[in-house]
Chemist: 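First, the structure itself, so that you have it in front of you.
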Amino acid sequence: MSDQVRIIEMGPRDGLQNEKTPVSVEARIAFVEALVAAGLHTVEVGAFVSPKAIPQMASSDAVLRGVAHVKDAEFHVLVPNEKGYDAARAAGAKVVSVFAAASEGFSRANINCTIAESIERFKPVLARAKADGVKVRGYISCVLGCPFDGEIKPKAVADLAKTLWELGCYEISLGDTIGVGTPVKAKEMLRAVAASIPPARLAMHFHDTYGQALANLYAGMEEGVRGIDSAAGGLGGCPYAPGATGNVATEDVVYMLEGMGIRTGVDMDKLLVATNEMSVVLGKPPVSRVASALNAKKKRAAS
């Protein structure tokens with residue numbers, strides 16, 4: 001457990017895409033800059049999706065161009081199809097993410113097609129990305145449960161992950177989109193996936209709806225997985241998963257890991273500043289337990 005963990009910051013994309021308050025391009029750029037300054041060097045900054053479907057991600061091209069000057073950082077963007085890939089590349093994307101669901105019900109609700117059809121949609125993206133020298137990350141939604149289909153079998157997740165891996169994704173991010181998973185189920189799912197993909201090439205993307213995300217991450221680390229997707233302040237949710245809360249908070253993940261003696265390279269004070277600035281923009285306090293506790297502590301010290 002002593003080796004380093006990779007944190008992939010999701011706040012500017014997965015976090016903001018489900019916030020009702022519109023956030024300007026300038027505020028989104030400032031958020032990304034602050035996160036990188038805090039030591040988060042891999043950040044997903046936007047999504048090249050229909051602005052009608054997800055208006056919060058409109059102008060992701062301007063955000064990506066706006067952070068191009070930031071050094072020592074890798075910026076990811078989500079692309080659903082070739083049209084999105086074209087727009088992402090035109091804006092300078094070097095890493096893109098594609099996504100599929102482990103459940104048919106969620107796939108239909110989210111992108112209006114079957115799982116098999118969704119794979120056919122992004123096959124050309126992977127082929128072109130390979131030719132262009134662009135890295136592709138693969139997301140799988142609903143790996144531990146679906147709001148429409150209920151329980152998801154580990155084999156369904158493993159089969160889909162293997163398909164994405166064989167198509168050329170360098171890493172597979174496994175998402176508990178509605179946050180229903182528990183540690184034993186998380187381990188069973190990860191073991192099934194790790195039968196065909198090295199754990200070092202997996203990441204955990206666990207939402208905290210039922211307060212299980214940190215426990216599930218710990219369980220996954222025991223299985224050798226070292227990639228963790230998290231969102232500053234615990235921002236977000238999912239537009240297509242009723243009742244789902246945000247991704248596990250980056251502050252909570254960093255606090256746990258550092259307390260275990262695992263280096264994250266993240267400056268908690270700077271991270272808190274980034275989170276608090278975005279909280280002001282959104283007009284609500286962060287849901288992160290650690291951010292809330294540290295903010296209260298600072299308030300007491302100042303009074």
Side-chain angles (χ1 to χ4, degrees), residues 9-25 27-29 31-32 43-66 75-91 93 95-126 128-129 136-143 146-149 160 164 169 173 175-179 205 207 209 229 231 235-247 278 281-282:
E9 173 57 46
M10 295 279 130
R13 197 280 298 174
D14 196 34
L16 295 183
Q17 76 170 15
N18 204 44
E19 295 293 341
K20 291 180 175 61
T21 305
V23 180
S24 70
V25 167
R28 287 160 68 187
I29 291 170
F31 188 35
V32 174
V43 185
E44 190 159 80
V45 301
F48 287 79
V49 295
S50 165
K52 287 181 183 173
I54 305 181
Q56 297 90 334
M57 289 295 101
S59 304
S60 284
D61 56 337
V63 175
L64 186 56
R65 288 189 178 100
F75 297 125
H76 297 191
V77 291
L78 198 68
V79 298
N81 48 36
E82 279 194 278
K83 185 181 176 183
Y85 179 77
D86 287 338
R89 284 291 287 151
V95 185
V96 300
S97 301
V98 296
F99 55 92
S103 79
E104 292 290 354
F106 190 81
S107 187
R108 288 187 182 281
N110 189 9
I111 49 178
N112 198 31
C113 66
T114 66
I115 297 170
E117 286 167 347
S118 72
I119 293 166
E120 290 305 314
R121 277 186 195 177
F122 59 66
K123 267 185 183 175
V125 171
L126 282 147
R128 289 180 57 191
V136 183
R137 194 171 195 247
Y139 282 113
I140 302 179
S141 305
C142 296
V143 298
C146 169
F148 308 103
D149 297 351
L160 182 54
L164 289 171
C169 291
S173 174
D176 183 10
T177 311
I178 55 172
H205 183 112
H207 286 241
T209 314
D229 293 1
L235 285 168
C238 177
Y240 302 101
T245 58
N247 212 317
M278 183 48 69
V281 172
L282 295 172

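All figures in this text were calculated on a predicted structure; none of them were measured in a lab. The basis for the numbers below is simple: all heavy atoms, side chains too, and nothing from hydrogens, waters or symmetry mates.
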Chemist: Please enumerate all residues that pass salt bridge (charged side-chain N to carboxylate O under 4.0 Å, His left out) together with R28, with sequence neighbours excluded.
Modeler: none
Chemist: Could you state the interatomic distance from CZ (R121) to CD (E82), rounded to the nearest 0.5 Å?
Modeler: 12.5 Å
Chemist: Go through the structure and list residues passing side chain to side chain contact (heavy atoms under 4.5 Å, CB included) with A62, not counting sequence neighbours.
Modeler: V25, S59
Chemist: Which heavy atom of L16 sits nearest a heavy atom of M278, and at what distance?
Modeler: CD2-SD, 4.0 Å
Chemist: Which distance, rounded to the nearest 0.5 Å, do you find between the CG of L235 and the CG of D14?
Modeler: 9.5 Å
Chemist: Could you report the tightest heavy-atom contact between S103 and I115, atom names first, then the distance?
Modeler: C-CD1, 3.8 Å
Chemist: Please find the pair of heavy atoms, one from I178 and one from T209, that lie closest to each other, and give the distance.
Modeler: O-OG1, 2.9 Å
Chemist: Of all the heavy-atom pairs spanning A93 and R89, show the shortest one and how long it is.
Modeler: O-NH1, 3.1 Å
Chemist: Of all heavy-atom pairs between A88 and V77, which one has the smallest distance, and what is that distance?
Modeler: CB-CG2, 3.9 Å
Chemist: Would you check if the side chain of D61 reaches a backbone N or O of A91 as a donor-acceptor pair within less than 3.5 Å?
Modeler: no
Chemist: Which heavy atom of N247 sits nearest to which heavy atom of A231, and what is that distance?
Modeler: CB-CB, 3.8 Å
Chemist: Describe, in one word, how the ring planes of F106 and F148 are oriented to each other, choosing from parallel (under 30°), tilted (30 to 60°) and perpendicular (over 60°).
Modeler: tilted
Chemist: Is the positively charged end of R13 above the ring of Y139, judged by distance under 6.0 angstrom from the centroid and angle within 45° of the axis?
Modeler: yes
Chemist: Could you check whether any side-chain N or O of T177 sits under 3.5 Å from a backbone N or O of C142, counting only pairs where one atom can act as donor and the other as acceptor?
Modeler: yes
Chemist: Any side-chain to backbone donor/acceptor pair from S141 onto G175? Under 3.5 Å, distance only.
Modeler: no
Chemist: Roughly how far, to the nearest 0.5 Å, is CG of L282 from CD of E19?
Modeler: 5.0 Å
